[in-house]
Amino acid sequence: MTGLSRRVYLLRARDLSPETIAVAFAKTSRSPEPFDQTAAELSDSKSAQFHEKWVVGYGHSSVAEHAVLHIAVENVSRLAIECIESNRLASFTEKSTRYQKWSSGAFVVPAEIAGGAAEKPFRDACEFLLAAYQHALEAVGGLARRRFPRLEGESDARWEGRIRSSYVDVCRYLLPAAVVANVGITINARALEHALRKMLSHPLMEVRAIGAEIKRAALAEVPTLVRYADENAYLRDTPERFRKASGGLGIPGANAEPAPRGWMKLIRSDPGSEDLALAAAGVRFCGWGFAESLIRIRNASAGQKRDLAGSVLQSLDDHDIPLRELEYVNYAFEALMDQGAYFEVKRHRMSSQTPGPLTCELGYLTPRWIDESGFRGEYDAAMRQTASAYQAVRREHGPEIAAYLVPNGFLRRLVLGMNLREAFHFCRLRSSESAHAAVRVLALQAAQQIRSAHPLLGAHLKTDEKIRWEELEKEFFC
Ligand SMILES: Cc1cc2nc3c(=O)[nH]c(=O)nc-3n(C[C@H](O)[C@H](O)[C@H](O)COP(=O)(O)OP(=O)(O)OC[C@H]3O[C@@H](n4cnc5c(N)ncnc54)[C@H](O)[C@@H]3O)c2cc1C
């Protein structure tokens with residue numbers, strides 16, 4: 001040491017504004033001063049000037065990542081939450097459809113139809129679904145109480161807590177995307193700027209209004225860093241441009257796109273990528289050049305490769321994150337899942353996700369307990385009636401507005417890209433007994449296909465193996 005002693009401390013958000021913290025960190029790039037001294041010399045207006053010059057003017061945008069906000073958003077539709085949560089560089093917690101219940105009237109009427117002829121049918125369709133949801137809670141809740149009777153000495157509250165998710169998980173299939181929820185967001189100013197651009201360019205008025213309100217609230221804390229977040233022509237116009245450009249595309253020999261069968265279908269993986277991951281580990285741990293490392297790995301015997309794979313994966317326990325080198329192994333899945341399951345899968349920010357539109361056109365799933373509780377007739381009637389209300393709104397107002405009516409039980413297409421490192425996390429977390437049955441099926445199917453595509457590394461993928469996905473599917477769904 002040179003007489004300088006190590007210091008570690010917090011710049012406290014209680015004492016300094018987010019923009020000042022960001023400048024105090026940014027200045028270390030050119031100034032030898034300690035952070036707290038730099039911060040003490042700053043004012044809000046000096047910080048604003050710095051951000052105008054460096055972040056806005058010269059594009060030193062990563063500085064804005066040091067300014068972090070916690071944004072509370074209440075009573076917005078779950079459809080709007082999809083756009084909010086599509087921002088992967090942020091943290092979210094939202095009202096759960098597994099642990100909370102919805103009551104009558106708890107939905108958004110989109111501004112596009114409020115006051116017009118479609119408002120009443122829209123309200124009626126949502127109220128009809130919420131009434132069916134309440135009836136289902138009684139019917140399926142009754143079945144749950146019969147299947148899992150009260151334990152000796154168990155209070156009402158404890159009994160309800162123990163069995164609640166077993167029947168609420170089933171009834172959620174009736175909730176439309178218009179129902180409201182709260183979401184807490186923690187996000188840095190750079191990610192927020194992009195999120196605001198997306199929201200302000202969104203086809204739904206509700207999302208644009210939420211974007212404007214978030215921007216207003218954020219400006220009080222970060223007056224410079226999100227000031228230029230506005231509607232963006234590229235984001236706004238690309239969907240229509242693509243639809244126009246795709247007008248002439250056809251499928252030789254077929255009239256319509258066949259609906260994919262199955263839940264999670266592996267559509268792309270590279271058989272050689274296991275070698276890439278091991279070769280990268282050779283660069284990291286043995287100091288070899290990558291090309292040289294790859295030759296060594298490719299020439300290794302099957303037994304040597306198994307040992308190498310074991311050396312990096314065998315000792316992982318449930319809370320360990322596997323080596324980054326697993327990111328060289330990539331998968332693309334085409335998945336078809338109910339909207340409720342999609343809402344959970346979309347939370348996996350380390351994956352790449354392209355959802356298809358939310359529609360009533362791919363059919364819906366029926367949980368077995370809906371049938372066994374004697375509720376099937378009302379359930380099917382609710383789904384059929386909603387599908388026809390959906391078509392009516394779609395004809396008049398387009399698919400984006402009609403999506404508000406789609407209940408969680410309808411199927412949604414998702415292209416899901418993930419690397420093996422994320423697959424380790426997804427498959428273990430989402431196959432566990434505490435996960436929703438629909439998501440467990442997806443995780444178990446993904447794991448099965450990964451193990452078969454990449455047996456060397458896939459052999460170390462951990463899932464809850466107490467049940468096979470085929471049994472789970474049969475147990476939970478009709
Ligand atoms: C039993 C259970 C109950 C749940 N209940 C709710 C609920 O009530 N409400 C709700 O909103 N959500 C709920 N969730 C969803 C949960 O909060 C996560 O959003 C979801 O499981 C995605 O997991 P993840 O963040 O670990 O994964 P990913 O986003 O896929 O990330 C993969 C890994 O990358 C790392 N990582 C990613 N982003 C960050 C980051 N910003 N900071 C630090 N590390 C990061 C972590 O190691 C993470 O495990 C629940 C999940 C489970 C399993």
Side-chain angles (χ1 to χ4, degrees), residues 1-74 81 84-95 182-199 211 213-229 317-324 327 347-350 421-422 425 429:
M1 289 292 278
T2 57
L4 295 175
S5 54
R6 176 166 53 232
R7 294 175 71 213
V8 176
Y9 55 97
L10 301 179
L11 289 189
R12 287 152 58 99
R14 230 173 290 156
D15 307 326
L16 299 163
S17 75
E19 289 201 350
T20 299
I21 291 177
V23 177
F25 281 168
K27 283 196 171 226
T28 202
S29 130
R30 309 282 195 279
S31 156
E33 303 302 331
F35 294 108
D36 50 358
Q37 188 179 319
T38 306
E41 288 162 8
L42 287 167
S43 63
D44 286 353
S45 69
K46 276 190 195 162
S47 301
Q49 276 169 18
F50 180 96
H51 288 309
E52 281 286 358
K53 181 172 173 188
W54 288 97
V55 180
V56 179
Y58 296 154
H60 188 3
S61 308
S62 59
V63 166
E65 293 168 31
H66 294 297
V68 175
L69 297 183
H70 304 284
I71 305 168
V73 179
E74 296 176 3
I81 287 178
I84 294 171
E85 291 183 351
S86 69
N87 297 287
R88 62 149 60 101
L89 295 175
S91 309
F92 306 97
T93 300
E94 79 206 23
K95 173 172 175 167
N182 297 345
V183 57
I185 309 167
T186 297
I187 191 165
N188 69 56
R190 184 185 197 180
L192 179 60
E193 190 184 39
H194 179 59
L196 287 174
R197 289 208 171 105
K198 262 204 258 186
M199 279 187 256
E213 283 181 48
I214 292 181
K215 181 174 173 182
R216 229 180 351 262
L219 281 172
E221 283 291 293
V222 285
T224 324
L225 293 174
V226 298
R227 189 187 312 164
Y228 302 99
D317 83 17
D318 282 354
H319 300 288
D320 290 334
I321 300 173
L323 293 183
R324 192 168 259 206
E327 292 179 8
R347 296 293 299 281
H348 287 278
R349 296 156 292 177
M350 292 291 168
R421 195 176 188 213
E422 172 68 353
H425 176 63
L429 184 75

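Positions are given from 1, in the same order as the sequence printed here.
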Where S86 and K198 come nearest, the two heavy atoms and their spacing: OG-NZ, 3.0 Å
If you count the non-hydrogen atoms of other residues, nucleotides and ligands that lie under 6.0 Å from OH in Y58, is the total more than 12? no
Would you check if the side chain of R227 reaches a backbone N or O of V222 as a donor-acceptor pair within less than 3.5 Å? no
Separation between CD of Q49 and CG of D44, rounded to the nearest 0.5 Å: 11.5 Å
Can you check whether L89's main-chain N or O pairs, donor with acceptor, with N87's side chain at less than 3.5 Å? no
Less than 4.5 Å apart, any side-chain heavy atom of L11 and any of F25? yes
I185 side, atom CD1; H70 side, atom NE2 - distance, nearest 0.5 Å: 12.0 Å
Heavy atoms only: give me the nearest P18-L69 pair and the separation to one decimal. CG-CD2, 4.1 Å
Identify all side-chain donor-acceptor contacts of residues 26-34 below 3.5 Å with residues at least two apart in sequence or on another chain.
from, atom 1, to, atom 2, distance (Å)
S31, OG, E33, N, 3.1
E33, OE1, Q37, NE2, 2.9

If I compare all heavy atoms of L42 with all of A24, which pair ends up nearest, and what's the gap? CD1-N, 3.8 Å
How far does CZ of R349 sit from CD of E422, to the nearest 0.5 angstrom? 9.0 Å
Counting neighbours of CZ on R347 that are heavy atoms of other residues, nucleotides or ligands and sit closer than 6.0 Å, is the number greater than 12? yes
Got R421 and I321 here, is their nearest side-chain heavy-atom distance under 4.5 Å? yes
Mind listing the closest non-hydrogen atom pair of A67 and E19 along with its distance? CB-N, 4.3 Å
Separation of H51 NE2 from K46 NZ (nearest 0.5 Å): 14.0 Å
Gap separating the CD1 atom of I187 from the CG atom of L196, nearest 0.5 angstrom: 7.5 Å
Calculate, to the nearest 0.5 Å, the distance between atoms NZ and CG belonging to K215 and L192 respectively. 10.0 Å
Which residues pass the side-chain contact (heavy atoms from CB on, under 4.5 Å) test with L429, sequence neighbours left out? H348, H425
Atom of V226, atom of A218 and distance for their closest heavy-atom approach: CG2-CB, 4.0 Å
Shortest non-hydrogen contact from M199 to I84? SD-CG1, 4.1 Å
Given side chains that start at C-beta, do those of Y228 and V56 come closer than 4.5 Å, heavy atoms only? yes
